[in-house]
Amino acid sequence: MSETVLSVEKLNVSINEKHILHDVDITVNRGEVHVLMGPNGAGKSTLGNVIVGNPAYSVDSGKIVFGNEEITNISADKRARSGMFMSFQNPPEIGGVSLSSFLRTAVEQRRGQKVKLWDFKKELKAAMELLEMDESYAQRDLNVGFSGGEKKKSEILQMLLLKPTLAVLDETDSGLDVDAVRLVSKGIKEYVEKCGGSLLIITHSTRILESINVDYTHVMVNGRIVKTGGASLVTEINENGFADYE
Amino acid sequence: MAETTKVTDIDRSIYDIRNAEDNDYRMRSGLTPEIVEKLSAEKNDPEWMLEFRLKSLEVYNKLDIPDWGPPIDELDMDNISTYVRPKSDMKASWEDVPEDIKDTFERLGIPQAERKSLAGVGAQYDSELVYHNVRDEVSKQGVVYTDLESALRGPFAELIRKKFMHLVPPNDHKFAALHGAVWSGGSFVYVPEGVHLDIPLQSYFRLNAKGAGQFEHTLIIVEDNAYLHFIEGCSAPKYNVANLHAGCVELYVGKNSTLRYSTIENWSKNMYNLNTKRAVVEEGGRVEWVSGSFGSHTSYLYPMTILKGKGSSMEFTGITFAGNGQDLDTGAKVVHNAPDTSSVINTRSISKDGGISTYRSSVVINPQAKGAKASVSCESLMLDSISRSDTIPAMDIRTGECDVGHEARIGRISDDQVFYLMSRGMSEEDARATIVSGFAENVSKELPLEYAVEMNNLIRLEMHGSM
């Protein structure tokens, strides 16, 4: 039996009284890579946000279990400390806070202890080199004036340092050029191999999936998971689109 | 808290004055020539200063309370005048800085070195021993840093007579007149030509029940080709019963000199902070203001710069944090009076828990200031829907040959930002405090480290329990 990391059961979610997710079930085991595909507005990002605890959404019924703990009503910071992560589709800008000092605080929260500046800098440098990020980014204000690609790389950088047990990647490949896709994929691969973490990849396209072994593919339409399959489902959708499921 | 006998003395003198006068008379005049004369005698003023005080008192009685800013009608002028007399009495008691004040500084994270210069504040009122370390080092270069009272009787007496309340004359406004009548304490700094002072001079004004420094006067003269960084920290412990701070700062910056003036004000929240600060800058000179306003019930604070000499410049960087019950009206003024002058005003204001924060500025470019450049940027952050933020920038441009820019932004902390930081493990409170500290970073990065730490601690204190 493989160890269950995340279990979403019969989840119903709404925002501003609008019902978005209907009876969603998903189980992710340790080390597995799940892909969530679907047309625009299907509710994919909503599911990602609800899993990591965005308070803008309300869970009307069902539950989310992370590890052995039910976390349906637990705040986002506690989920993060216990090992959840989401790469944001549009990470907000935080002026006056450098990427480096922010990330160090986050790492300390995650590990529950102070991290020596020297050790942290070494880790940061290694991860930035992997992603071919210029060192100067560490001193820049968090996401302020970052290009689309830089923002996504910064998200993957955070994932590499935080070493979550489950990472949700929300449209991490959208709007990226070929080079950025390559680097982001490299970062994701590193995470899977070094941290043994589980992934839930929300995407429209298949570009970042080319270098990653996908275990399961879920298709979401109108807030419901309409089909679950293996890696081949990605190729199928790539060729035929979602028309068969709508 | 154990009150000292000095406080009992103050209470008695307040009582005595009330008994001696009839209500209507007290209400009308507030402050009497007799009280001013007594204060002057106690301070051993030169004759001209006594006359200056009495003339200021006349002006004070003629002028009206300003009606264009935050309300100050709760300010009991009668009470304030009575604070004046015992203030000079307390000189002697400054020697023993109370334990609780030291504790407060510990909590504020002011390091050991800073505590030493806090103790130095006492020197302004009587003995000079606490500033001795600093003075030995800087006096070799001919720099004078002392309390204004003793400077008035020293070799700089004539210079002070020429400059004292010359930039801020008593008829400037009612509280400048009040200051002229009852000023006490403060600093006199003289930097001779060509002296570049590497270490900043610091004074920390800690006001206690005895009200010392409520009307302190800071007079700084920087001669040509010199540099000075002066740091002023102001805070008040909770037991402060004083309710008006009407200090005055006058800065004279010589040719090609730079004066940097940094302030963190954290008055107690029963304080009316009606402070006046002004600088005049000669050719090629520069003044840099860094100003953080946190405490006080009501503030009127707009440091003003007169760019008098060709090519002179100023930069103002300020932050204001208005919490529950606070109405802080702050900003800056600049007058361009010469060609090729430049000014940059960059402010941030934060309001929360119903606090009101108003940014008010005035930029005047006179006809002779050809080639002047002025840039104003103000950003406000409201932390909830019950707080208020206003922006009142005024510009009076009298020449076409100048370059003027203005930018204003008002915003709120977005839920997206808070969620983002929380999704990285920060508690909601830490997330908000981080966003606010980041917003204030343009000011904190301009401050010396210990003050930047104090400012961030103040932000954390203000943010604590704000949810």
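Numbers restart at 1 for each chain; the letters A, B, ... are given by sequence-line order, proteins then strands.
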How many angstroms lie between CZ in Phe439(B) and CD1 in Ile94(A), if you round to the nearest 0.5 Å? 13.0 Å
Evaluate the side chain to side chain contact (heavy atoms under 4.5 Å, CB included) criterion for residues Phe88(A) and Ser423(B): first the C-alpha distance (whole Å), next the side-chain angles of each, then the deciding distance (0.1 Å), finally the verdict. CA-CA 10 Å; Phe88(A) 280 54; Ser423(B) 81; 3.3 Å; yes
Using a cut-off of under 4.5 Å on heavy-atom pairs, state which of Ser98(A), Pro92(A), Pro164(A) scores highest against chain B. Pro92(A)
Select, from Ser82(A), Ala80(A), Pro91(A), the one with the greatest count of heavy-atom pairs under 4.5 Å involving chain B. Ala80(A)
Does a sphere of radius 6.0 Å around NZ in Lys373(B) hold more than 12 heavy atoms from other residues, nucleotides or ligands, not counting ones at 6.0 Å or beyond? no
If you count the non-hydrogen atoms of other residues, nucleotides and ligands that lie under 6.0 Å from CZ in Arg409(B), is the total more than 12? no
Segment of Ser75(A) engaging chain B (4.5 angstrom heavy-atom cut-off): side chain
Heavy-atom distance under 4.5 Å between the side chains of Asp416(B) and Asn54(A), does that happen here? no
Under 4.5 Å from any heavy atom of chain A - which part of Tyr420(B): both
Check: Glu441(B) side chain, Gly95(A) main-chain N or O, donor-acceptor pair, under 3.5 Å: no
Counting heavy atoms not belonging to Lys189(A), are there more than 12 under 6.0 Å from its NZ? no
Does atom CD (Glu70(A)) have a neighbourhood of more than 12 heavy atoms from anything else shown, all under 6.0 Å? yes
Checking heavy atoms, do the side chain of Asn143(A), its backbone, both or neither come under 4.5 Å from chain B? side chain
Heavy atoms of other groups near Arg388(B) CZ, more than 12 under 6.0 Å: no
Using a heavy-atom distance cut-off of less than 4.5 Å, which residues of residues 144-159 of chain A contact chain B? Glu155(A), Gln158(A)
Steps toward side chain to side chain contact (heavy atoms under 4.5 Å, CB included) verdict (Thr434(B), Leu142(A)): CA-CA 12 Å; Thr434(B) 298; Leu142(A) 188 54; over 6 Å; no
Rounded at 0.5 Å granularity, tell me how far CE in Met84(A) sits from CZ in Arg424(B). 13.0 Å
Can you pull out the residues in residues 100-119 of chain A with any heavy atom less than 4.5 Å from chain B? Phe102(A), Thr105(A), Ala106(A), Gln109(A)
Output the distance between atom CD (Glu429(B)) and atom CG (Asp77(A)), rounded to the nearest 0.5 Å. 11.0 Å
In Å, rounded to the nearest 0.5 Å, how long is the span from CZ of Arg81(A) to OG of Ser427(B)? 7.0 Å
If you draw a 6.0 Å radius around CG in Asp25(A), do more than 12 non-hydrogen atoms from other residues or ligands fall strictly inside? yes
